[in-house]
Amino acid sequence: MDNGPLTDEEITERLAALPGWVRTGDEITRTFAIRYHGGVAMIVHVADIERLIGHHADIDLRWDHIRFGITTHDAGHRLTEADFDLAARINRIAAAHEATPRDA
């Protein structure tokens, strides 16, 4: 997978395919409603996948929600294809843990 920074047009296209993810500068974010212990289990699941693919999100767990922030540090904190791949994987994991979309 090419890990070079994406253009603004490419980022817009990829975001359109991932409803719920929002671009904030050179990061994409999404928040899910989930209770604390469910969020811990979800983090473990996401961390297992992240370890396998070698790409990681910033994760913020609160008592009733979890927020993911993704950017590629090795690409100068720019968005790359790897970020959108991880976001899609997080969406699937969130569904498996019955986490629901939440407005930030």
Do other residues, nucleotides or ligands put more than 12 heavy atoms under 6.0 Å from the CZ atom of Arg23?
yes
So does Asp85 pair up with Arg14, basic N to acidic O under 4.0 Å?
no
Ile90 and Ala57: which non-hydrogen atoms are nearest, and at how many Å?
CD1-CB, 4.3 Å
Check whether any side-chain heavy atom of Ile70 lies under 4.5 Å from a side-chain heavy atom of Phe84, and answer yes or no.
no
Checking Thr72 now: which residues fulfil side-chain hydrogen bond (donor to acceptor under 3.5 Å, both in side chains) with it, not counting sequence neighbours?
Thr80, Asp83
Might you confirm whether atom NE2 of His73 has over 12 heavy atoms from other residues, nucleotides or ligands at distances under 6.0 Å?
yes
Taken in chain and number order and not counting sequence neighbours, the residues that satisfy side chain to side chain contact (heavy atoms under 4.5 Å, CB included) with Thr100 are Ala33
Determine whether more than 12 heavy atoms belonging to other residues, nucleotides or ligands lie under 6.0 Å from atom CG of Asp60.
yes
Could you tell me whether the side chain of Arg89 and the main chain of Asn91 form a donor-acceptor pair under 3.5 Å?
no
Aromatic ring pairing Phe32/Phe68, orientation class (parallel under 30°, perpendicular over 60°, tilted between)
perpendicular
State, to 0.1 Å, how close Ala75 and Pro5 come at their nearest heavy-atom pair, and which atoms those are.
O-CG, 4.2 Å
All heavy atoms of Ala99 vs all of Met42, minimum pair found to be CB-SD, 4.0 Å
Let me confirm one number: the NE2-CG distance from His77 to Asp26, rounded to the nearest 0.5 Å.
10.0 Å
Same cluster or not: Val22 versus Ile59, using hydrophobic residues (I, L, V, M, F, W, Y) connected whenever any side-chain heavy atoms lie under 4.5 Å apart?
no
Under the side-chain contact (heavy atoms from CB on, under 4.5 Å) rule, what do Glu50 and His55 come out as? Steps first, then yes or no, please.
CA-CA 5 Å; Glu50 290 174 332; His55 197 55; over 6 Å; no
What I'd like to find out is whether the side chain of Ile34 reaches to under 4.5 Å of the side chain of His65, using heavy atoms alone.
no
Ion pair present between Asp64 and Arg62, side-chain N to carboxylate O less than 4.0 angstrom?
no
Find the distance between CG (Asp48) and CD1 (Ile53) and round it off to the nearest 0.5 Å.
11.5 Å
Here the pair of heavy atoms bringing Ala87 nearest to Ile28 is CB-CD1, 3.9 Å
In chain order, what residues pass the side-chain hydrogen bond (donor to acceptor under 3.5 Å, both in side chains) check against His56, with sequence neighbours excluded?
none
Taking it one step at a time, do Arg67 and Glu27 satisfy salt bridge (Lys or Arg N to Asp or Glu O under 4.0 Å)?
CA-CA 12 Å; Arg67 179 188 173 275; Glu27 178 181 58; 3.5 Å; yes
Taking the side chain from Glu10 and the backbone from Thr7, do they hold a donor-acceptor pair closer than 3.5 Å?
yes
